[in-house]
Trainee: 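I'd like to ask you about the structure that follows.
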Amino acid sequence: VPADREDVSVTGNALKLYILPLPEEGRPPEFTGAVGRFTVSARADVRALRLGESLRCSLEVEGEGNLMFFRAPRLEGFGGFHVYGHIDEKSDGTRTITYDMAPLDEAVTAIPSIPFTYFDPGPPAGYRTVRTRPIPLEVMPIPEGVKLTLLTEYGRPVPGVNDLFGLKPLRGGEARAERSPWITAAVLCMPWLLALGLLLWLRKREQEKSDPLGARARRAAARYRERAVIDPSRAFTAYLAARLRCPDAAVISPDLAYQLETNGVPAELSQRAAAAQDRLVSNRYGGGASGVEETADLVRALEEVFLSVEEES
Amino acid sequence: MITLLFMVLFQLGDAERAYEEGRFGEAYTLFSEERATGPVLYNLGNCAFRLGRHAEAVYLYRCAQLRLPRDEELAFNLRLAEEKCGVQEEDTPSFGTAALGLIDSFLFSELEAFIVLLECIGLSGLVLLRRRPAARNAMALIVVLALLLSARLVRNQWFPGPPDGVVLQEKIALRPEPHIDHPATAEIWSGETVRIEAMSDRWALVEHARGRGWTERAGVGVVE
């Protein structure tokens with residue numbers, strides 16, 4: 001291995017390339033951009049058909065040039081045929097354009113030769129047109145009583161067949177409105193939130209159904225606040241009954257303080273609640289101050305105790 | 001009274017009258033003054049077609065198609081204009097492409113409403129029928145469908161792909177760099193649709209089945 005090796009790169013002389021435009025002079029109207037030297041041939045998938053039926057005629061273009069880049073010949077005004085459209089297939093060295101076409105008359109006896117124009121860079125350079133051989137064809141008449149709407153109407157523009165559909169009324173069209181993606185996100189999330197709410201509500205309902213006394217106890221304070229203004233005595237009794245999970249009548253008894261204590265209420269608070277209960281009952285039947293505010297404070301204190309007991313349990 | 005109402009509702013405007021009388025250039029000018037709704041763009045496409053400007057007609061029909069995605073008359077006229085330009089019909093799409101095409105054929109608001117409806121049915125069904133396995137599974141499928149559609153909707157709005165463009169000139173040349181001195185690597189013909197990946201004031205980077213490269217922006221109409 002040589003020790004003094006050195007890699008270098010050298011640049012050759014620049015080559016000038018002149019790209020000439022295709023000459024306008026002598027350019028046939030059917031020229032579709034093919035440049036090179038080409039030969040063409042045609043074949044049909046059927047040799048006999050009934051009027052109104054269509055056939056496939058394949059034009060094969062072979063040769064050297066821009067085979068893949070020119071546009072397919074359109075066959076406009078192709079004698080005696082209506083061309084519906086074409087399929088363009090490209091493979092190495094061959095371009096096959098298959099036309100779907102239908103004869104317009106029983107008198108048609110052949111698919112005429114298809115012209116193909118290309119520019120030959122020469123020498124001598126110039127436009128050349130090559131043609132396929134005509135393909136013999138037998139067109140049979142249509143059976144009695146059958147009417148071919150498209151063929152009878154062919155020759156004049158028919159919207160949806162060979163002509164545009166007409167104008168549209170301008171009323172009712174909406175311009176494209178841009179909307180914030182966040183609004184879309186909110187709209188898409190809305191059903192999920194509603195479903196979550198529905199699930200929580202159903203769970204709560206089921207829980208209440210399975211434990212009616214518990215549900216009654218949990219609602220006791222709220223019910224007390226609703227009723228206290230109307231009848232504080234009965235409201236307080238109902239509250240205590242709900243919290244002790246017993247009928248209302250069971251609360252009006254001398255052992256109320258004991259019942260409260262066994263449910264976790266401190267002795268002092270139990271005594272106060274029992275005294276308040278006695279006083280409210282006396283006031284109800286004997287007249288006197290309602291004691292709503294004092295009882296409300298008492299309910300708040302009791303509620304704190306009951307909630308903490310529930311949490312602990 | 002009914003006759004008067006009929007006349008008010010169905011009388012032809014100046015643009016429509018000009019079109020019906022074959023004054024397509026005048027009709028084109030009058031339609032251009034309207035707000036760019038789907039029907040207006042469609043009508044402009046018809047005028048351009050009648051004036052022999054087939055590539056422009058393709059462009060206008062494609063713009064209209066964004067607003068009227070399932071209009072069959074529009075699809076036919078577009079195909080006819082493309083045929084006039086020598087654009088060949090696309091190959092049959094794969095199942096996935098066809099499915100995405102079906103989803104995208106709905107207007108944004110339609111798809112959104114459909115998704116919300118599916119979500120409401122699926123989620124409420126999941127909650128209410130959660131103790132019936134068969135019904136629950138069916139509802140779960142509906143929810144999955146709604147999620148897939150939501151993903152497409154969000155993708156279309158949050159991450160829209162590059163817009164399409166239609167070649168308006170007789171042909172455009174694609175170059176490796178945005179400079180006229182660079183040789184053309186491919187040519188795209190009038191009326192063909194390309195995907196525009198980037199744009200500057202003068203140049204657009206476009207992609208087509210025949211190649212990808214820079215071309216002068218004036219030759220391509222952005223479909224929007």
Side-chain angles (χ1 to χ4, degrees), chain A residues 17 19 32-33 66 68-74 76 83-90 97-98 100 157 159-185 187-203 206, chain B residues 9-10 13 15-16 19-20 27 31 34-43 45-46 49-50 66-68 71-74 76-77 79-81 83-84 86 88-89 107-109 112 115-120 122-124 126-128 130 146 150 153-154 157-158 171 183 186-187 189 210 224:
Chain A
L17 196 62
I19 300 170
T32 54
N66 61 345
M68 301 299 142
F69 298 111
F70 62 78
R71 283 176 289 171
R74 306 270 331 279
E76 270 182 353
V83 181
Y84 294 112
H86 67 265
I87 298 168
D88 204 344
E89 290 170 290
K90 297 164 186 174
I97 302 146
T98 305
D100 193 6
V161 177
N162 58 358
D163 193 28
L164 296 179
F165 282 103
L167 296 180
K168 286 192 182 297
L170 300 186
R171 280 173 283 273
E174 290 296 322
R176 290 189 93 197
E178 295 297 329
R179 202 175 70 175
S180 164
W182 295 107
I183 296 178
T184 307
V187 170
L188 294 181
C189 287
M190 196 71 75
W192 291 87
L193 295 176
L194 290 175
L196 184 66
L198 180 65
L199 182 65
L200 292 176
W201 180 74
L202 283 174
R203 281 250 170 107
E206 283 169 6
Chain B
L9 284 175
F10 296 101
E16 285 96 333
Y19 182 90
E20 297 302 335
F31 279 127
E34 300 279 342
R35 211 160 48 104
T37 61
V40 167
L41 289 163
Y42 169 93
N43 292 348
N46 272 21
F49 187 98
R50 296 291 187 213
L66 293 179
R67 291 137 177 108
L68 305 167
D71 191 304
E72 289 182 6
E73 292 184 358
L74 169 58
F76 177 84
N77 287 6
R79 188 65 220 129
L80 203 60
E83 267 183 25
K84 288 281 179 190
Q88 64 183 25
E89 208 158 355
L107 287 175
F108 179 85
S109 52
E112 187 185 56
I115 291 170
V116 169
L117 180 69
L118 283 183
E119 282 183 342
C120 286
L123 290 170
S124 57
L126 265 182
V127 171
L128 295 172
R130 61 189 185 280
S150 302
L153 188 79
V154 168
Q157 200 183 16
W158 291 53
K171 64 180 177 185
E187 285 180 339
W189 298 90
R210 286 204 297 279
E224 55 190 2

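Only heavy atoms go into these numbers, but all of them, side chains included; no hydrogens, no water, no symmetry mates. It should be emphasised that the depicted structure is a prediction, and the values quoted were computed from it without experimental measurement. Lettering of chains follows the sequences in order, A, B, ..., and the numbering in each one begins at 1.
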Trainee: Between A/Glu206 and B/Arg130, is there a side-chain N and carboxylate O pair less than 4.0 Å apart?
Mentor: yes

Trainee: If I measure from the heavy atoms of chain A, does B/Leu153 come under 4.5 Å with its side chain, its backbone, both, or neither?
Mentor: side chain

Trainee: Taking heavy atoms only and a threshold strictly under 4.5 Å, list by residue number the residues of residues 187-194 of chain A that touch chain B; give 'none' if the list is empty.
Mentor: A/Val187, A/Leu188, A/Pro191, A/Trp192

Trainee: Checking heavy atoms, do the side chain of A/Trp182, its backbone, both or neither come under 4.5 Å from chain B?
Mentor: both

Trainee: Identify which part of B/Val154 has an atom lying under 4.5 Å from any heavy atom of chain A, answering side chain, backbone, both or neither.
Mentor: side chain

Trainee: Please tell me if the side chains of A/Leu164 and B/Arg50 come closer than 4.5 Å, counting only heavy atoms from C-beta onward.
Mentor: yes

Trainee: Enter the distance from A/Asp163:CG to B/Leu80:CG here, rounded to the nearest 0.5 Å.
Mentor: 7.0 Å

Trainee: Would you say B/Asn77's side chain and A/Phe165's backbone share a donor-acceptor pair under 3.5 angstrom?
Mentor: yes

Trainee: Name the region of B/Leu126, side chain, backbone, both or neither, that has any atom closer than 4.5 Å to a heavy atom of chain A.
Mentor: neither

Trainee: Please classify the contact of B/Lys171 with chain A as side chain, backbone, both or neither, using a heavy-atom distance under 4.5 Å.
Mentor: neither

Trainee: If you tally heavy-atom pairs under 4.5 Å against chain B, which of A/Thr32, A/Leu17, A/Asp88 wins?
Mentor: A/Asp88

Trainee: Which atom names give the shortest non-hydrogen contact between B/Val127 and A/Leu202, and what distance separates them?
Mentor: CG1-CD1, 3.4 Å

Trainee: Over all heavy atoms of both residues, which pair between B/Trp158 and A/Ala185 is shortest? Give the atoms and the distance, please.
Mentor: CZ2-CB, 4.5 Å

Trainee: Looking at A/Arg74 and B/Lys84, would you say the former's side chain and the latter's main chain have a donor-acceptor pair under 3.5 Å?
Mentor: yes

Trainee: Rounded at 0.5 Å granularity, tell me how far NZ in A/Lys168 sits from CG in B/Leu68.
Mentor: 6.5 Å

Trainee: How far does OG1 of A/Thr184 sit from CD of B/Gln157, to the nearest 0.5 angstrom?
Mentor: 3.5 Å

Trainee: Check whether B/Glu119 gets within reach of chain A through its side chain, its backbone, both or neither, counting any heavy atom under 4.5 Å.
Mentor: both

